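A quick write-up on the structure given underneath.
Whatever order the structure lists ligands and atoms in, that order sets their numbers, starting from 1. Just so you know, these numbers come straight off a predicted model, no measurement behind them.
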Amino acid sequence: MGEKNAPLVGIVMGSDSDWPKIQGVAKALGEFAVPLEIRVMSAHRTPEIVRQYATMAAARGIKVIIAAAGGAAHLAGVVASHTTLPVIGIPVITDLAGGLDSLLSTVQMPGDVPVACVAAGSGGPRNAGLLAVEILALADPELQQKLTSFKHQLADKVNQKNEALQKRLAEG
Ligand code: RP5
């Protein structure tokens, strides 16, 4: 058994410049009180640190690794090459191509080295966090219950919006 607040999710990113664009991932994990750690490391600039981190993560108690990078976004794939943990890639929005470059770099992994790639921009970082919560919830009934409540809240919000719209339409 690990310590109660030992990190279960490792969030790594290629540069500190990515952080403002992906903070939604930590917010989503925080909503479910999932312990996490956040690191900057680069597949290109610090390849040995990436190798060490990915190789040791499972032994340290990490269950899911989330890797964010932009442009020639190899971080998630390189991390996945060094671990059997599930790896979720966040393609970071870029000036050059709006993140399409990052998206293709992250999602087009060759067979046998899976990376679960979320959307570039918009809800992508948040969804990365929520997907990690769903993976952890497979072995955590309390977390599963929180996810069920979360789904109900989502439905309630949409139903309220629908009711408000119907009212506005009826009023002309
Ligand atoms: C990638 O290069 C990083 O993930 C970042 O998105 C991009 C630019 O990095 P900086 O030049 O801002 O450090 O590796």
Side-chain angles (χ1 to χ4, degrees), residues 2-3 5-138 143 147 150 154:
E3 284 176 47
N5 289 320
L8 297 177
V9 176
I11 300 171
V12 298
M13 67 199 83
S15 172
D16 59 347
S17 66
D18 296 324
W19 180 235
K21 304 173 188 173
I22 67 152
Q23 287 185 27
V25 62
K27 184 170 181 297
L29 289 161
E31 288 172 21
F32 289 85
V34 171
L36 56 88
E37 64 184 18
I38 303 170
R39 301 268 193 280
V40 173
M41 59 187 70
S42 164
H44 308 119
R45 293 163 174 160
T46 61
E48 182 57 20
I49 289 174
V50 172
R51 187 192 67 77
Q52 286 174 10
Y53 181 85
T55 304
M56 296 306 299
R60 292 178 47 241
I62 298 290
K63 303 293 185 200
V64 183
I65 299 177
I66 299 175
H74 299 132
L75 184 58
V78 171
V79 168
S81 75
H82 289 296
T83 183
T84 55
L85 293 174
V87 176
I88 303 170
I90 301 177
V92 174
I93 294 276
T94 59
D95 292 336
L96 177 69
L100 183 59
D101 43 357
S102 321
L103 175 65
L104 294 176
S105 300
T106 305
V107 79
Q108 290 288 21
M109 288 297 293
D112 299 327
V113 190
V115 166
C117 179
V118 295
S122 187
R126 180 167 178 78
N127 280 348
L130 293 174
L131 181 56
V133 173
E134 291 178 345
I135 293 169
L136 294 172
L138 291 171
L143 210 46
L147 277 169
F150 173 71
L154 283 181

Which is closest to atom 6 (O) of ligand 1 by heavy-atom distance: Val92, Asp18, Asp16, Ile22?
Asp18
Atoms of ligand 1 less than 4.0 Å from Ser17 heavy atoms?
9 (O), 10 (P), 12 (O)
For atom 14 (O) of ligand 1, tell me which residue out of Gly71, Ala68, Gly70 has the closest non-hydrogen atom.
Gly70
Any nitrogen or oxygen of Arg45, side chain or backbone, less than 3.5 Å from one on ligand 1?
yes
For Ala57 and Ile65, the nearest pair of non-hydrogen atoms, with its separation, is CB-CD1, 3.8 Å
Sole residue of Leu85, Leu131, Val133, Ile88 in side chain to side chain contact (heavy atoms under 4.5 Å, CB included) with Val64:
Ile88
Show the atoms of ligand 1 that are less than 4.0 angstrom away from any heavy atom in Ser15.
3 (C), 4 (O), 5 (C), 9 (O), 10 (P), 12 (O), 13 (O)
Atom indices of ligand 1, in the order listed, that fall short of 4.0 Å to a heavy atom of Ala69:
4 (O)
Ignoring hydrogens and geometry, is there a side-chain-to-backbone donor-acceptor pair from Ser105 to Gly71 under 3.5 Å?
yes
Shortest non-hydrogen separation from Lys21 to Pro125 and the atoms involved:
O-CG, 3.7 Å
Take Leu130 and Phe32, measure what side chain to side chain contact (heavy atoms under 4.5 Å, CB included) needs, and give me the verdict at the end.
CA-CA 9 Å; Leu130 293 174; Phe32 289 85; 3.6 Å; yes
